[in-house]
Amino acid sequence: MSKRIFLAALAGVLVAFHLSLIFSGLVPNLVSRPLHMALILPWLLVFVPASGFLRWSGLLLAGAGIAASLWVAVNQQSLGDQYGFLEGPWQIAIAATLLIVVLETARRAIGWALPTVAALSLLYGLFGQYIPGEFGHAGTPLASFLGTLTIAEGGIWGSLTGVSVGTVAIFVIFGAVLNAGEAGQGFMNVAAAAAGRLKGGAGKVSVISSALFGSISGSASANVASTGAITIPAMVGLGYPKRLAGAIEAVASSGGQIMPPLMGAGAFVMVELTSTPYTSIMAAAIQPAILYFLAVWVGINAFTTRYALKGLPDEQKPALRDVAVTSAFFLVPFSILLWGMFMVGYTPQYAAVFAILAGALLLLVDGRLRFRPGEVILRLESALLTAARQVSMIAAIILCASIIIGVLSITGLGVKITSLILSGAGGMLWPSLFLTALACLILGMEVPTTAAYVICVSVAGPALTQLGLAPLQAHLFVFWFALLSTITPPVCGAVFIAAGMVREDWLKVAFTAMALGIGLYLIPLAMIANPALLMTAEEPVAAILAAAKVAVGLSCVSYGLIAAYRAPLRVLLVAAGLAVLFVPLSLL
């Protein structure tokens with residue numbers, strides 16, 4: 001019991017710190033960002049299952065990392081006068097400690113891939129002057145190189161970490177508060193009431209619930225594990241083929257990372273990298289996200305030509321009262337969030353704080369509007385612990401990715417890779433898009449979506465904008481393709497989890513998911529061919545026409561790939577769908 005109280009209290013400190021930043025005015029970056037790192041380290045290095053060497057080394061690393069972070073925060077004023085240049089062996093030791101702790105924390109949190117890329121980038125920064133030819137660099141003094149990464153705002157304390165501190169953490173807390181209460185059940189009830197009676201209804205319940213749940217979880221794996229625990233058994237019990245049941249959940253859950261408002265933290269990173277207001281990114285991203293789920297919905301309809309996909313039986317449909325009551329658990333906080341942003345004009349973070357407070361008040365009652373103190377305490381504890389762990393996980397990814405971004409900036413490697421992409425594609429847009437998509441797929445196989453997006457857009461984004469794309473177009477294109485690895489072999493995390501839950505060969509689930517999730521491959525390209533698709537706020541009529549055009553194209557392609565029609569008709573549908581997707585509206 002004492003350990004639970006201690007963990008809940010520590011999580012409460014983390015949550016209170018990030019919420020207090022919204023109201024505390026201008027806190028220096030070299031104070032708030034190191035404190036952010038100090039608060040997240042115990043959750044990834046200490047409070048995790050470990051024994052022996054891992055346990056003691058985790059304690060040692062956490063202690064060293066916290067001490068180094070606090071040293072930076074305490075000395076931020078004098079460090080600002082050093083302009084990123086380390087003075088003496090002590091400061092070099094502090095810098096080395098911070099970098100080692102960031103790399104090892106990310107490795108323990110998400111595996112080897114991202115830390116390996118970050119470590120290689122550090123080696124390039126340290127020894128790249130010995131590489132002959134255009135991919136070498138002039139060299140940077142050790143004190144300046146390490147100092148820029150650790151005591152200035154050009155490395156681990158850079159703008160990406162600022163996004164993690166000031167925005168991502170707030171919305172992750174918001175999602176954790178909603179998930180601790182009845183919002184998840186509300187999503188399921190609304191989905192079951194809206195689609196349960198339709199043909200293929202059990203699968204469509206998965207689509208709607210995953211779209212709603214994913215809008216606050218922002219994680220494909222979390223989405224599969226939560227909504228899938230209900231939807232997959234329901235589909236299998238109604239006679240859906242196991243590979244199809246797993247594929248529907250994997251594909252629907254992957255859409256959580258492209259559905260506003262969270263977008264797997266990517267939306268907030270995009271704000272920083274493009275200098276575009278958050279509300280503008282939400283407006284641009286909403287129609288492509290809806291089209292993605294529409295394509296999955298149409299794909300389920302196409303599968304009904306192959307299988308007798310039943311709707312939910314009456315006994316599994318929620319009562320109207322339950323739908324109304326449980327839906328309030330997410331509608332009230334969401335309404336407050338949107339009211340604050342769009343009606344009052346608050347910043348997204350400020351509006352989210354009020355939505356968090358509303359969600360926290362709703363934790364006082366359950367789905368039957370009963371107040372039970374014991375359950376309230378458990379829900380509050382769940383919200384705090386989930387928030388702390390998720391904030392820490394995303395922070396570890398962003399801190400590690402910030403090392404890579406810092407090295408790219410210091411050495412000029414990003415500009416050189418941009419030039420390589422432009423020359424390799426012959427200065428043409430579409431070959432550059434395909435090269436970028438391939439890079440996103442490969443990098444995304446082992447690196448979380450947000451980190452893959454940050455790295456890819458840092459090196460490929462300038463090339464795409466030089467070829468005529470608007471910055472937001474380029475960033476959304478890269479972000480979508482960074483998501484491909486959730487359902488595309490050989491590494492497809494959402495598919496692996498769904499296949500395990502349904503006890504089916506993962507390759508069968510993956511190939512079915514690729515057909516069902518064809519929108520994930522085509523919609524990013526359609527954004528480029530139909531730029532009006534992203535202009536919902538500026539030109540709503542043109543945006544709606546573009547969305548209707550893309551919807552028709554996606555529907556044709558989905559039926560051509562999936563439906564039990566004769567081969568010539570299927571080929572014709574795919575060809576017609578691709579023509580509708582990519583040929584300008586004026587030529588159709």
Side-chain angles (χ1 to χ4, degrees), residues 29 153-154 158-171 218 257-289 341-342 345 347-349 351-352 394 397-398 401-402 404-406 408-409 414-415 417-418 421-422 429 432-433 436-437 439-440 443-444 447-483 523-539 543 546:
N29 292 334
E153 295 177 28
S159 58
L160 281 183
T161 303
V163 175
S164 178
V165 176
T167 307
V168 173
I170 301 302
F171 278 85
Q257 293 188 73
I258 54 176
M259 174 62 77
L262 284 190
M263 295 172 63
F268 311 115
V269 177
M270 214 174 288
V271 168
E272 179 63 36
L273 296 180
T274 64
S275 300
T276 303
Y278 172 68
T279 49
S280 298
I281 289 175
M282 279 183 61
I286 188 65
Q287 284 207 139
M341 286 194 299
F342 293 104
T347 64
Q349 303 94 309
I394 294 175
I397 294 168
I398 288 180
S402 294
I404 301 169
I405 305 307
L408 290 175
S409 175
V415 175
I417 296 176
T418 296
I421 292 172
L422 288 171
L429 176 60
S432 296
L433 291 173
T436 304
C440 289
L443 188 61
V447 175
T449 302
T450 302
Y453 153 65
V454 169
I455 297 168
C456 281
V457 86
S458 297
V459 296
L464 298 181
T465 53
Q466 285 182 43
L467 291 170
L469 292 190
L472 190 54
Q473 247 186 325
H475 280 253
L476 282 172
F477 174 85
V478 172
F479 184 73
W480 272 64
F481 270 115
L483 187 62
I523 292 173
L525 299 171
M527 292 179 197
I528 309 303
N530 305 273
L533 186 62
L534 304 180
M535 302 176 71
T536 306
E538 299 85 353
E539 299 181 27

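None of these values were measured; they are calculated from a predicted model.
- Heavy atoms only, all atoms of each residue included: Val168 and Ile394 are closest at CG1-CG2, 3.7 Å.
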Tabulate below the donor-acceptor pairs under 3.5 Å that side-chain atoms of residues 451-472 make, not counting sequence neighbours, or state none.
| residue | atom | partner | partner atom | Å |
| --- | --- | --- | --- | --- |
| Tyr453 | OH | His475 | ND1 | 2.8 |
| Ser458 | OG | Val454 | O | 2.6 |
| Thr465 | OG1 | Gly461 | O | 3.2 |
| Thr465 | OG1 | Pro462 | O | 2.9 |

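- Across all their heavy atoms, Thr161 and Ser402 have their closest contact at OG1-OG, 3.5 Å.
- Atom OG1 of Thr536 and atom CD of Gln287 lie 4.0 Å apart (nearest 0.5 Å).
- The two residues Tyr278 and Met341 come nearest to each other via the heavy atoms CE2-SD, 3.6 Å.
- Minimum interatomic distance between Met527 and Pro288 (heavy atoms only, all atoms of both residues): CE-CB, 3.7 Å.
- Residues Ile258 and Ile523 are not in side-chain contact: their nearest non-hydrogen atoms beyond the backbone lie 4.5 Å or more apart.
- One finds the CD1 atom of Ile281 at 11.5 Å from the CG atom of Leu534 (value rounded to the nearest 0.5 Å).
- The side-chain heavy atoms of Val271 and Thr167, taken from C-beta on, include no pair separated by under 4.5 Å.
- Atom CZ in Phe479 sits 11.0 Å away from atom SG in Cys440 (nearest 0.5 Å).
- Scanning all heavy atoms of the two residues, the minimum distance from Phe477 to Leu525 falls at CE1-CD2, 3.8 Å.
- Judged as a side-chain hydrogen bond (donor to acceptor under 3.5 Å, both in side chains), and not counting sequence neighbours, Thr436 has no contacts.
- For Gln349 against Gly166, the heavy-atom pair with the smallest separation is CG-O, 3.1 Å.
- The shortest distance between side-chain heavy atoms of Ile528 and Gln473 falls below 4.5 Å.
- In this structure, CG in Leu476 is found 9.0 Å from OG1 in Thr276, a value given to the nearest 0.5 Å.
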